[in-house]
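The structure under discussion appears below in the form of structure tokens.
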Amino acid sequence: MQAINEIQGRLLALVKSILKQNAIAVELAPATLLVDVGLTSMDMVNLMLAVEAEFDFTIPQSEITPENFLSVETLNRLVLRHLASTVAA
């Protein structure tokens, strides 16, 4: 399985890309709340699609929750769960 830090780095890059598109320049730490740095609901949809494309899985409807999209940390846990379940299957 991919290293946790590598996955977190890829997630940070996705969020930074969306922020850059919106001309938002902020320091972003894994625990930073995404709404606090300026991500809108539309940005969250784009982030969800980007995560699905980046890691090649579909996020189940039941897991598309605000709790899973609070920060890069929460997204990291979501991705790790799905990658682990893919390996186990």
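In this chain, residues are counted from 1 in sequence order.
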> Between the main-chain N or O of Ile59 and the side-chain N or O of Glu52, is there a donor-acceptor pair closer than 3.5 Å?
Replying inline: yes

> Is the backbone N or O of Asp43 less than 3.5 Å from a side-chain atom of Asn46, with the two atoms forming a donor-acceptor pair by type?
Replying inline: no

>> Can you tell me how far apart CZ (Arg81) and CG (Asn76) are? Round to the nearest 0.5 Å.
In response: 10.5 Å

> Could you walk me through whether Leu47 and Leu34 pass the side chain to side chain contact (heavy atoms under 4.5 Å, CB included) check?
Replying inline: CA-CA 11 Å; Leu47 179 58; Leu34 298 178; 3.8 Å; yes

> Does CG in Asp36 sit with more than 12 non-hydrogen atoms of other residues, nucleotides or ligands closer than 6.0 Å?
Replying inline: yes

> If we only count heavy atoms from C-beta on, is the Val35 to Met44 side-chain gap below 4.5 Å?
Replying inline: yes

> Roughly how far, to the nearest 0.5 Å, is the CG atom of Leu33 from the CD atom of Glu73?
Replying inline: 9.5 Å

> Which atom names give the shortest non-hydrogen contact between Val72 and Leu11, and what distance separates them?
Replying inline: CG1-CB, 3.9 Å

> If we only count heavy atoms from C-beta on, is the Phe55 to Ile7 side-chain gap below 4.5 Å?
Replying inline: yes

> Do any N or O atoms from the side chain of Thr74 and from the backbone of Leu70 form a donor-acceptor pair under 3.5 angstrom?
Replying inline: yes

> Roughly how far, to the nearest 0.5 Å, is the CD1 atom of Ile24 from the CG atom of Leu39?
Replying inline: 6.5 Å

> What distance separates Arg77 CZ from His82 NE2, expressed to the nearest 0.5 Å?
Replying inline: 13.0 Å

> Do the side chain of Asn68 and the main chain of Leu75 share a donor and acceptor less than 3.5 angstrom apart?
Replying inline: no

> Rounded to the nearest 0.5 Å, what separation is found between the CZ atom of Phe69 and the CD1 atom of Ile64?
Replying inline: 6.5 Å

